[in-house]
Amino acid sequence: MLRILILSALLLLFAPQAQAQEGALSEYARDQLKGIPPEQQDSFYLVQGKYYYAFYTRESYRRAMECYLEALRLAIQYKHQSVMHQCYFGIGSVYDANNNLLQAVRYYKMHYDGVLKERPFNPSNVLRATYNIAASYARARDTANAAHYTLKMGQMLDWLTDSTERRRYNLLTAHLFSGIGQQDDFSRYFALIKDRDDFRDGELAYGRLFAEEKSKYALLNGQRDQVIPPLLNELAHTRDSIPLLNLLHQSYALLGQYKEAYEVEQLLVDADMRSMDRATYGDINYRLLEADNLLKQRENTELQLNEQELKWRSSLLYVLAALLTTGLVLTVIFYLRYRQRSQRTAARNKEILAHDESNSLMLKEIHHRVKNNLQIISSMVEIQLNKPENDLYFSMQEIQTKMRTLAIAHQMMYEGTEMKEVDMQDYFEHMVAMTLELLASSSNPVEQRISMHGNRLELEKLITLALAVNEMLINSVKHVLPYVSGCYIAMECRLIDGEYHFTYSDNGPEAADSNVTTMTGTGIRLIHRLAKQMDAKIMVEKEQTGKVQYLMIFSRTNKSQ
């Protein structure tokens with residue numbers, strides 16, 4: 001009954017503002033709205049609210065709120081329960097973004113009550129709603145309510161059947177317990193996922209949260225050497241870099257590694273990542289210096305008082321001896337520290353020099369590879385343009401497939417973990433899909449049967465092989481696909497007695513009335529030339545059905561190497 005009264009009050013409150021909400025929309029959005037039936041406009045306003053919210057400015061938040069409120073009015077009018085629940089979430093998000101946490105919790109709870117009653121029941125939506133409530137309470141420093149809803153999350157985890165979702169909500173539960181200071185509960189939930197490293201950023205920055213909590217877990221368990229690596233590892237490939245740099249700065253400072261903390265702070269200052277200018281930092285540093293001087297003055301005053309008390313209790317001889325001994329010890333300590341710091345600096349400089357040399361060699365190798373591949377592209381274009389066919393458009397498409405064949409190989413190598421070899425299975429799946437997308441007809445799909453058995457190949461050898469396969473694919477598209485329904489191409493590579501045995505075949509009928517061993521077309525000549533270039537033996541066999549099979553036998557590297 002109370003819920004009905006609340007909804008009725010909302011309806012009466014927002015009804016007079018129906019026309020005013022159009023002011024929140026752009027001219028283009030208003031034109032789109034004219035073609036949408038009134039009973040479907042609540043979803044349109046909901047989408048517009050999400051669009052404005054994503055800009056993260058005060059004005060965009062205001063417009064988002066107006067859209068959410070209009071969507072809620074329409075959803076109440078037409079009794080669209082699902083849209084109503086989403087509107088509650090959107091309104092709560094806007095309040096949350098503006099630090100109005102009490103109102104945010106209020107609407108998050110209305111969203112929670114709604115998704116809890118939805119059918120079919122979606123446990124992931126319920127857990128997310130619970131997390132929003134707990135996180136808002138945590139930000140409002142309401143530890144009791146934050147702990148209550150976090151415990152609810154822990155009890156709901158068994159509802160999830162998807163292992164990925166369960167790991168994510170284990171992480172969110174651990175993160176909330178960490179935020180409210182319940183370290184035992186944090187350790188218990190994080191221990192369930194601490195050995196996983198497959199978190200990826202979704203709607204929430206799971207990768208950053210995992211790195212943050214893994215670092216806290218290591219510090220909590222006394223593993224000081226494991227505090228920094230998770231943050232550096234996540235920072236290497238994440239887009240959520242600003243919070244990670246701040247966490248890295250705090251962690252270095254907490255571990256007493258002030259030099260590293262200073263370097264990270266300089267990165268943040270130079271990049272303006274903390275939305276503070278240099279004048280602000282200068283003011284902060286000045287205040288810190290004043291506080292440090294005041295502390296030193298107090299320490300000096302205490303030392304003077306202690307010294308006066310010692311003068312009354314001890315003789316001058318003992319005082320001088322103590323001072324001399326103290327000075328000698330401090331001198332030795334400072335000398336040892338200076339020596340250790342000099343050694344570390346020398347070792348670091350040596351590492352930097354070696355790293356620079358390695359980068360220089362890698363750059364030269366990249367230039368060499370690009371030069372070779374540009375020469376290959378030039379030769380391929382010249383051969384393609386000299387073909388007797390008259391279809392210039394198809395010829396240009398063939399040239400395009402060859403250029404993309406090279407581009408995919410380079411892209412996969414540079415995006416991989418190492419820059420020497422490329423996974424053949426992944427490469428040929430991408431390359432074949434690209435070639436068929438450009439050359440094949442969508443009305444006669446081609447089945448791909450690719451099995452590379454986990455083999456990898458160096459870049460130059462792979463590119464030569466890929467260009468030969470490109471010619472085989474073009475032959476299949478020209479001479480098989482137009483005449484065979486249910487066409488397929490098959491590729492397989494096995495490592496036998498230290499040599500690769502690579503086979504390519506389709507289901508014919510290419511050159512069904514000719515002897516393939518005497519074929520003299522431009523394509524087959526190019527395939528033989530490429531096989532010779534990679535020191536490969538090539539055999540071409542034709543079955544009675546017209547099926548043609550290529551077999552290439554070659555080693556991992558060229559003999560010349």
Side-chain angles (χ1 to χ4, degrees), residues 358 361-362 364-380 383 401-432 434-435 448-476 489-506 516-517 519 522-542 548-561:
S358 175
L361 290 174
M362 184 180 297
K364 290 180 180 179
E365 176 66 18
I366 290 173
H367 285 320
H368 176 69
R369 289 174 177 174
V370 171
K371 177 183 176 183
N372 289 346
N373 288 327
L374 287 175
Q375 291 175 346
I376 291 174
I377 291 173
S378 178
S379 299
M380 292 295 103
I383 293 172
T401 63
K402 290 175 173 58
M403 295 176 70
R404 288 195 180 182
T405 295
L406 299 177
I408 291 173
H410 277 277
Q411 180 181 357
M412 293 183 65
M413 184 187 72
Y414 297 140
E415 289 181 353
T417 57
E418 57 177 306
M419 297 184 64
K420 293 183 178 180
E421 295 183 339
V422 177
D423 181 76
M424 296 177 69
Q425 180 74 29
D426 195 15
Y427 172 76
F428 279 109
E429 286 179 356
H430 282 76
M431 191 273 278
V432 171
M434 175 273 299
T435 303
Q448 303 175 30
R449 303 175 183 176
I450 301 175
S451 179
M452 298 291 113
H453 300 285
N455 288 313
R456 301 176 66 85
L457 203 59
E458 65 171 2
L459 181 65
E460 292 188 8
K461 178 78 74 171
L462 177 70
I463 286 176
T464 308
L465 175 61
L467 289 171
V469 173
N470 177 265
E471 284 298 325
M472 299 173 191
L473 273 169
I474 292 172
N475 285 340
S476 297
I489 61 101
M491 284 188 283
E492 183 177 21
C493 183
R494 292 183 177 272
L495 186 61
I496 303 175
D497 296 331
E499 291 185 320
Y500 286 120
H501 288 236
F502 184 92
T503 59
Y504 174 93
S505 63
D506 56 38
V516 295
T517 60
M519 291 174 64
T522 304
I524 194 68
R525 290 201 308 272
L526 181 56
I527 291 172
H528 280 277
R529 184 185 300 178
L530 292 168
K532 183 178 179 181
Q533 182 178 338
M534 60 189 295
D535 297 328
K537 302 173 185 177
I538 181 168
M539 289 173 280
V540 187
E541 299 178 354
K542 177 171 73 82
V548 176
Q549 175 172 291
Y550 299 85
L551 171 62
M552 300 177 69
I553 303 175
F554 55 91
S555 60
R556 291 174 64 91
T557 58
N558 294 336
K559 294 180 181 179
S560 59
Q561 295 177 338

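Quick caveat, the model's predicted, so the values are computed rather than measured. We number each residue from 1, following the sequence as shown.
Judged as a side-chain contact (heavy atoms from CB on, under 4.5 Å), and not counting sequence neighbours, the contacts of A536 are A531, M534, M552, F554. Looking at residues two or more places apart in sequence or on another chain, you find no side-chain contact (heavy atoms from CB on, under 4.5 Å) involving A407. With sequence neighbours excluded, the residues forming a salt bridge (charged side-chain N to carboxylate O under 4.0 Å, His left out) with E492 are R494, listed by chain and number. For N455, the side-chain contact (heavy atoms from CB on, under 4.5 Å) partners are M424, H453, C493, L495, Y500, not counting sequence neighbours. Residues satisfying the side-chain hydrogen bond (donor to acceptor under 3.5 Å, both in side chains) criterion with H501, sequence neighbours excluded, are absent altogether. With sequence neighbours left out, the side-chain hydrogen bond (donor to acceptor under 3.5 Å, both in side chains) criterion links Q425 to E429. With sequence neighbours excluded, no residue forms a side-chain hydrogen bond (donor to acceptor under 3.5 Å, both in side chains) with Y427. Judged as a side-chain hydrogen bond (donor to acceptor under 3.5 Å, both in side chains), and not counting sequence neighbours, T503 has no contacts.
A pairwise comparison of heavy atoms in V422 and A409 identifies CG2-O, 4.2 Å as the closest pair. Taking both residues in full, the closest heavy atoms of I527 and M472 are given as CD1-CG, 3.7 Å, listed atom of the first, atom of the second, then distance. Across every non-hydrogen atom of S476 and D506, the tightest pair is OG-OD2, 2.6 Å.
Counting heavy atoms from C-beta on, the side chains of E421 and L462 never come closer than 4.5 Å. You'll find the side chain of T405 stays beyond 4.5 Å of the side chain of I463, heavy atoms only. By the 4.5 Å heavy-atom criterion applied to side chains, V540 and Q549 are not counted as neighbours. With a 4.5 Å cut-off on side-chain heavy atoms, R529 and I524 do not count as touching.
For H430 (side chain) and D426 (main-chain N/O), a donor-acceptor pair under 3.5 Å exists by modelled atom type.
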M431 vs T435, side-chain contact (heavy atoms from CB on, under 4.5 Å): CA-CA, chis, key distance, verdict: CA-CA 6 Å; M431 191 273 278; T435 303; 3.6 Å; yes
Step-by-step side-chain contact (heavy atoms from CB on, under 4.5 Å) determination, V469 to M491: CA-CA 9 Å; V469 173; M491 284 188 283; 3.6 Å; yes
CA sep, side-chain torsions, deciding dist, call: D423, M452, side-chain contact (heavy atoms from CB on, under 4.5 Å): CA-CA 9 Å; D423 181 76; M452 298 291 113; over 6 Å; no
Worked check of side-chain contact (heavy atoms from CB on, under 4.5 Å) between L473 and Y504: CA-CA 9 Å; L473 273 169; Y504 174 93; 3.6 Å; yes
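A distance of 7.0 Å separates CE of M539 from CD of E541, quoted to the nearest 0.5 Å. How far CG of L459 is from CE of M412: 11.0 Å, rounded to the nearest 0.5 Å. Taking CG from L406 and CE from M403, the interatomic distance works out to 8.0 Å, rounded to the nearest 0.5 Å. Between I489 atom CD1 and S505 atom OG the span is 8.5 Å, to the nearest 0.5 Å. Here L467 contributes atom CG and L526 contributes atom CG; the two are 7.5 Å apart, rounded to the nearest 0.5 Å.
A ring-centre distance under 6.0 Å is found for F428 and F502.
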